[in-house]
Amino acid sequence: MIDQSAVKAALSAQHIETPSWAYGNSGTRFKVFAQEAVPRNAYEKVDDAATVHRFTGVAPTVALHIPWDRVDDYGDLARHARERGVGLGAINPNVFQEDDYRLGSVCNPDETVRRKALDHLLECVEIMNVTGSRDLSLWFADGTNYPGQDSVRARQERLSEALHAVGERLSGDQRMLLEYKLFEPAFYTMDVPDWGTSYAHCVDLGERAKVLVDTGHHAPGTNIEFIVAFLLHREKLGGFHFNSRFYADDDLMVGAADPYQLFRIMVEIVLGGGLDASAGVAFMLDQCHNIEPKIPALIRSVLNVQEATAKALLVDQDALRAAQQNGDVLAANAALTDAFATDVRPLLAELREDMGIDPDPIAAYQRSGHFEKLRDERRDGAAAGWGA
Ligand code: RM4
Ligand code: MN
Ligand code: MN
């Protein structure tokens, strides 16, 4: 028998972090599409994250990308966030948008460029000291396009050197999360192409270093839940960048492409104790909206993570273990598929009522007139965006 109140308690304790960059304008490789009501600066992005939290109740932090969210006073931004009822989450350094980084950042053959990239990473640690952020999310666009372009081994050495230098600066509960990506922007080799490479560096670096799994960064067909189970078991799962994909790093709304995969990932999290705060798994979103309105798209993604988590919590673990022990393949599989087939929307509506928020966050947002209000307030000035 599943204890419904324990399920609800676990769900209300789950924190899903939204990314500041998903609130600004973004686009495809070919064009950035402008939308109405888009924030013009980091403060307004924080406001939008606070709105998503207000309607969902489970998105209390927002990740920053530097320099996209550069401000004069990060303490003031943190105060602003607190006043709006949210906190600043992971800091994401950006070492991929300057001419100097054409051949890479921390793996660049040119020592001066490597130093510049490292300085930016260290600047981000300083920002964490001010914002109180726990996590530095590291993603490197580094790699090569052609065989022979650079030494794979030398690049690994350079990467390791930079990561160690960053690790030495971390203090308190600070961690570094190393994200991997199969390809793009480099097409022959990425310097951190897969979880194995990230894991090996994190093992070298020690306890503060963990692997960050962006669900869009794998080859088609990769069994992501296996990676999750393995890393969690080895205490090396730092967290997620959730999004969904049909082909590559599509950055679509979470759960849009394959809700069953999201469920299987959350099952491994639940079974491995990954929902406990002590496991330190950060549930973050990383999406890029080109055609969908931003705040509702983020609300949708938060709800989809929550729905998958609810279903995972409904797996009858006793039945699952017994079936596994008896080699009853069909019963074991049914323990999962029964949970996946459960309509958890009534349970989540009840949970939201308990939390004092509207049971249907998307409808409540649409009704609220918030979009129209923002559209008027933000009519003037340049919208924030990554301007590709
Ligand atoms: C990368 C990666 C990073 C994100 C950038 C914008 O593909 O997912 O996490 O910060 O995109
Ligand atoms: Mn990512
Ligand atoms: Mn990505």
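Atoms within a ligand are numbered from 1 in the order they appear, just like the ligands themselves. This is a predicted model, so every value here is computed, not measured.
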Ligand-protein N/O pairs under 3.5 Å (ligand 1):
{"residue": "ligand 1", "atom": "7 (O)", "partner": "K181", "partner atom": "NZ", "Å": "3.0"}
{"residue": "ligand 1", "atom": "7 (O)", "partner": "D249", "partner atom": "OD2", "Å": "3.0"}
{"residue": "ligand 1", "atom": "8 (O)", "partner": "E179", "partner atom": "OE2", "Å": "2.9"}
{"residue": "ligand 1", "atom": "8 (O)", "partner": "D214", "partner atom": "OD2", "Å": "3.1"}
{"residue": "ligand 1", "atom": "8 (O)", "partner": "H217", "partner atom": "NE2", "Å": "3.2"}
{"residue": "ligand 1", "atom": "8 (O)", "partner": "D286", "partner atom": "OD2", "Å": "2.8"}
{"residue": "ligand 1", "atom": "9 (O)", "partner": "E179", "partner atom": "OE1", "Å": "2.7"}
{"residue": "ligand 1", "atom": "9 (O)", "partner": "E179", "partner atom": "OE2", "Å": "2.9"}
{"residue": "ligand 1", "atom": "9 (O)", "partner": "H241", "partner atom": "ND1", "Å": "3.2"}
{"residue": "ligand 1", "atom": "9 (O)", "partner": "D286", "partner atom": "OD2", "Å": "3.2"}
{"residue": "ligand 1", "atom": "10 (O)", "partner": "H65", "partner atom": "NE2", "Å": "2.8"}

May I ask you to say whether R158 pairs ionically with D150, meaning some side-chain N is under 4.0 Å from a carboxylate O? yes

Could you give me the CA-CA distance, side-chain angles and deciding distance for L285 and I16, then say whether side-chain contact (heavy atoms from CB on, under 4.5 Å) is met? CA-CA 7 Å; L285 310 183; I16 301 162; 3.8 Å; yes

Please verify the inter-ring angle class for W195 with F226; under 30° counts as parallel, over 60° as perpendicular, anything in between as tilted. perpendicular

Could you tell me whether a side-chain N or O of S20 sits under 3.5 Å from a main-chain N or O of A63, the two making a donor and an acceptor? yes

Taking 4.0 angstrom as the limit, do D173 and R134 come out as a salt bridge? no

On the 0 to 90° scale, with breaks at 30° and 60°, tag the F187-F183 ring pair as parallel, tilted or perpendicular. tilted

Environment of the Mn ion (ligand 2) in terms of protein N/O/S atoms, cut-off under 2.8 Å: E179 OE2, D214 OD2, H241 ND1, D286 OD2

Between F283 and V281, is there a side-chain heavy-atom distance shorter than 4.5 Å? yes

When you look at K116 and E111, which way does the salt bridge (charged side-chain N to carboxylate O under 4.0 Å, His left out) test go after all the steps? CA-CA 9 Å; K116 171 178 166 162; E111 210 258 312; over 6 Å; no

Electrostatic pair D354-K8, nearest N-O below 4.0 angstrom: yes

